[in-house]
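As structure tokens, the structure follows; a few thoughts come after it.
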Amino acid sequence: MAPLKAFFPVLLASLAACRQCTNLTIPVDISSRQGLFKEVPVETNLDVRAFTTRFNEYQANLTATLLQGYQTLKGSYEISAQYCHPDNGSNGIIQLLSHGIGFDKTYWDLNYNNFNYSYVNNALENGYSTLAIDRLGIGNSSHGDPFNEIQSQAEIEALNAVTTKLRSGAIGQIGSYKKVIHVGHSFGSVQSYWLSALYPNNTDGVILTGYSTASQFLAYFAAGANFHSARLNQPLRFGNVSISGLQQFAAKYNVSMDLVPALQQLVEKAGLDLSAQDVWNLVGSTEVGNLITGFNKTAPPLNYPSGYFANSDLTSDQYLFLFPGNYDVGLAVVGEQTKQPVTTGELLTIGSAPMMSPFTGPALVITGEHDVPFCGGNCYGQVPNITAPNIPAGVKTAFPAASAFEAYIQPDTGHGLALHYNATAGFQVIQDFLANNGLAAQ
Ligand SMILES: *[C@@H]1O[C@H](CO)[C@@H](O)[C@H](O)[C@H]1NC(C)=O
Ligand SMILES: *[C@@H]1O[C@H](CO)[C@@H](O)[C@H](O)[C@H]1NC(C)=O
Ligand SMILES: *[C@@H]1O[C@H](CO)[C@@H](O)[C@H](O)[C@H]1NC(C)=O
Ligand SMILES: *[C@@H]1O[C@H](CO)[C@@H](O)[C@H](O)[C@H]1NC(C)=O
Ligand SMILES: *[C@@H]1O[C@H](CO)[C@@H](O)[C@H](O)[C@H]1NC(C)=O
Ligand SMILES: *[C@@H]1O[C@H](CO)[C@@H](O)[C@H](O)[C@H]1NC(C)=O
Ligand SMILES: *[C@@H]1O[C@H](CO)[C@@H](O)[C@H](O)[C@H]1NC(C)=O
Ligand SMILES: *[C@@H]1O[C@H](CO)[C@@H](O)[C@H](O)[C@H]1NC(C)=O
Ligand SMILES: *[C@@H]1O[C@H](CO)[C@@H](O)[C@H](O)[C@H]1NC(C)=O
Ligand SMILES: *[C@@H]1O[C@H](CO)[C@@H](O)[C@H](O)[C@H]1NC(C)=O
Ligand SMILES: *[C@@H]1O[C@H](CO)[C@@H](O)[C@H](O)[C@H]1NC(C)=O
């Protein structure tokens, strides 16, 4: 038998041939009816942990405590997106992909190991086009006030606006699509579901990955993330500290840029002029994760304001997203290098979705067996008031009018479905569900 390796060039060539991708920015105008929250301090990491403590308080409701009233947010924003289509067309069907907390649009198209974890490639191979967006507020999409601007509702309005533009062909580089399937991961699933409840006619299929309607495990997520202020946690990437600023500082104080001696010298010189706020943020916060895991030195810093929180490190990433033993640590390091934050406003509104969706098309829930935030680590467990055979199956009651509903548990997998070995087989469950329920692309 010929070694398997001999076939790889052929496989890769056919993949490359059917993969046409471009990055683009989509302007959207939105009007969002949403909460007006009292802002609380979130400057330091102790402030951030205090916020989480209150957020997780048993039988308390921080959303209700901070809610002062409602507002209509109106604004023009930019949504950063990656559009891909198969060479031979897609029969007018596109999958609109919304990432979860901790990620950006690259979650769907991980380039690790020659893209063999890429959801986008799997969808393209099955004949679909894809549009993966950075959710409003995150990554290269417009950022905003973390309490009173970047909330679930505003993001759903942005997602709906992008959907409408896709249907009408109003996005320059993209033709019009007759059918739009909303695919989410985690908070992106919450928003895809929510869109189907508010605008049922604007979606043709709903795929909710890493999702359930059990809300009691959200506290595991908020605690397990060990949230820190994003701009302090990765100051060189999330903050506005610049490499050249750091180099100037090192030159001024004769500090070697070699990590260990640099830190030793900075500690010795603790009496230094701390007006160099960049260095205070970098060293005073003791967060040196992005020096250790590495980051893209030429990408401009994201400059998130205080009120954007990040999972603290690789250990929290594992707890939230990865089932030990069934993932590649090298990929987890990439996840830490490229992670993205969550806003206070998102956390305060994550649980405000309607209880039911009048959507009449097909809906699939697919969740990893050991998902922590939506199943408490065991999707086969039982929770109060969900009488389904397992936790994801309980979502059925939220879709009373769906033409088809299925809940699928992906084995040996945590919350971050795309980051596990065997992810591709899970992706195929999604494409097969669509094909079997009137949404085949070919
Ligand atoms: C598009 O952006 C991604 C990051 O999201 C990057 O990896 C890729 O190289 C970009 N592609 C093009 C064609 O610029
Ligand atoms: C918390 O309060 C908000 C705002 O009043 C409300 O919409 C939400 O349903 C409450 N959550 C729970 C779990 O009671
Ligand atoms: C389009 O290309 C894909 C991948 O090469 C292939 O599987 C599919 O059958 C093609 N579809 C059509 C309609 O030719
Ligand atoms: C969706 O379309 C149906 C049929 O055209 C219509 O009756 C219904 O009011 C629409 N729903 C919404 C929320 O627009
Ligand atoms: C960097 O961010 C801090 C905190 O938000 C802000 O006070 C400062 O003006 C910013 N500096 C630049 C150059 O953007
Ligand atoms: C800077 O470091 C170099 C090399 O260690 C040393 O020779 C020089 O004396 C130092 N200068 C000052 C001002 O400390
Ligand atoms: C790093 O950032 C630069 C500038 O934005 C970009 O052109 C480049 O593709 C990035 N490199 C990687 C490996 O993502
Ligand atoms: C965001 O933009 C920067 C700078 O252009 C680029 O390096 C990076 O790859 C982009 N990231 C995403 C997720 O689009
Ligand atoms: C279960 O449902 C009952 C009746 O609707 C409600 O009173 C109770 O609070 C629910 N329990 C939980 C844990 O949600
Ligand atoms: C990607 O390739 C690696 C190495 O061949 C393999 O171990 C892993 O299971 C693959 N991942 C996926 C999602 O297929
Ligand atoms: C991989 O995933 C597929 C689809 O869920 C499943 O049928 C198969 O049993 C999984 N394989 C392993 C080894 O878990």
Side-chain angles (χ1 to χ4, degrees), residues 4-5 7-8 11-12 15-16 19-25 33-38 54-70 79-85 97 99 103-122 125 130-134 138-141 151-153 173 194 213-219 296 298-300 302 322-323 325-332 334 337-338 340 345 347-355 368 384-385 410-414 416-429:
L4 265 184
K5 225 163 77 182
F7 296 106
F8 276 21
L11 279 176
L12 289 176
L15 257 187
R19 188 185 151 89
Q20 305 281 341
C21 296
T22 47
N23 294 335
L24 65 158
T25 300
R33 187 78 184 146
Q34 58 184 37
L36 186 63
F37 291 110
K38 174 181 157 56
R54 294 183 69 193
F55 184 75
N56 280 353
E57 218 168 82
Y58 183 55
Q59 292 181 338
N61 183 343
L62 186 60
T63 305
T65 306
L66 298 183
L67 190 67
Q68 295 180 307
Y70 291 89
I79 299 298
S80 170
Q82 183 199 40
Y83 170 63
C84 299
H85 64 89
L97 315 174
H99 63 84
F103 298 93
D104 58 26
K105 60 182 175 296
T106 59
Y107 169 82
W108 302 104
D109 193 30
L110 299 165
N111 62 12
Y112 194 72
N113 268 0
N114 273 322
F115 290 94
N116 79 334
Y117 292 82
S118 169
Y119 179 84
V120 166
N121 276 359
N122 182 255
E125 284 160 28
T130 57
L131 185 77
I133 60 166
D134 283 351
I138 305 299
N140 287 350
S141 289
Q151 298 178 12
S152 301
Q153 288 89 340
Q173 300 90 320
W194 198 326
T213 38
S215 57
Q216 56 267 63
F217 307 116
L218 180 60
N296 184 343
T298 54
L302 284 152
L322 302 163
F323 184 57
N326 202 30
Y327 75 90
D328 180 339
V329 176
L331 176 56
V334 173
Q337 282 168 357
T338 57
Q340 291 286 352
L347 290 171
L348 292 171
T349 55
I350 198 169
S352 306
M355 297 285 285
N385 288 4
Q410 176 65 6
D412 289 331
T413 294
L417 288 95
L419 290 87
H420 290 78
Y421 297 134
N422 199 31
T424 314
F427 300 157
Q428 193 57 43
V429 170

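Quick caveat, the model's predicted, so the values are computed rather than measured. Residue numbers start at 1 and run along the sequence shown. Just so you know, ligand 1 is whichever comes first in the structure, and atom 1 is the first atom listed for that ligand. Excluded from the calculations below are hydrogen atoms, water molecules and symmetry mates; all remaining heavy atoms, backbone and side chain alike, are included.
R33 CZ: more than 12 foreign heavy atoms inside a 6.0 Å radius.
Residues D328 and Y112 bring a donor and an acceptor atom of their side chains to less than 3.5 Å of each other.
Summary of contacts: the protein heavy atom closest to atom 4 (C) of ligand 10 is N113 ND2, 3.8 Å. T424 OG1, 3.3 Å is the protein heavy atom nearest to atom 14 (O) of ligand 10. Among protein heavy atoms, atom 6 (C) of ligand 10 sits closest to N116 ND2, 4.1 Å. Ranking the protein heavy atoms by distance from atom 7 (O) of ligand 2 puts S352 OG, 4.6 Å first. Closest to atom 5 (O) of ligand 2 among all protein heavy atoms lies A64 CB, 3.9 Å.
Counting the atoms of ligand 10 from 1 in the order shown, those under 4.0 Å from a heavy atom of A423 are 13 (C). Here is the list of ligand 10 atoms found below 4.0 Å of a heavy atom in H420: 13 (C).
For the pair N23 and ligand 1, the shortest N or O to N or O distance falls below 3.5 Å. Between N61 and ligand 2, a contact under 3.5 Å exists for at least one N or O pair.
By the 4.5 Å heavy-atom criterion applied to side chains, W108 and T130 are not counted as neighbours. Annotation: side chain of K105 is in contact with side chain of D134 (closest heavy-atom distance under 4.5 Å). No side-chain heavy atom of Y119 sits less than 4.5 Å from a side-chain heavy atom of L417. The shortest side-chain heavy-atom distance between L97 and Q82 does not fall under the 4.5 Å cut-off. Looking at Q216 and P384, their side chains come closer than 4.5 Å, going by heavy atoms from C-beta outward.
Protein non-hydrogen atoms do not reach within 4.0 Å of atom 9 (O) of ligand 1.
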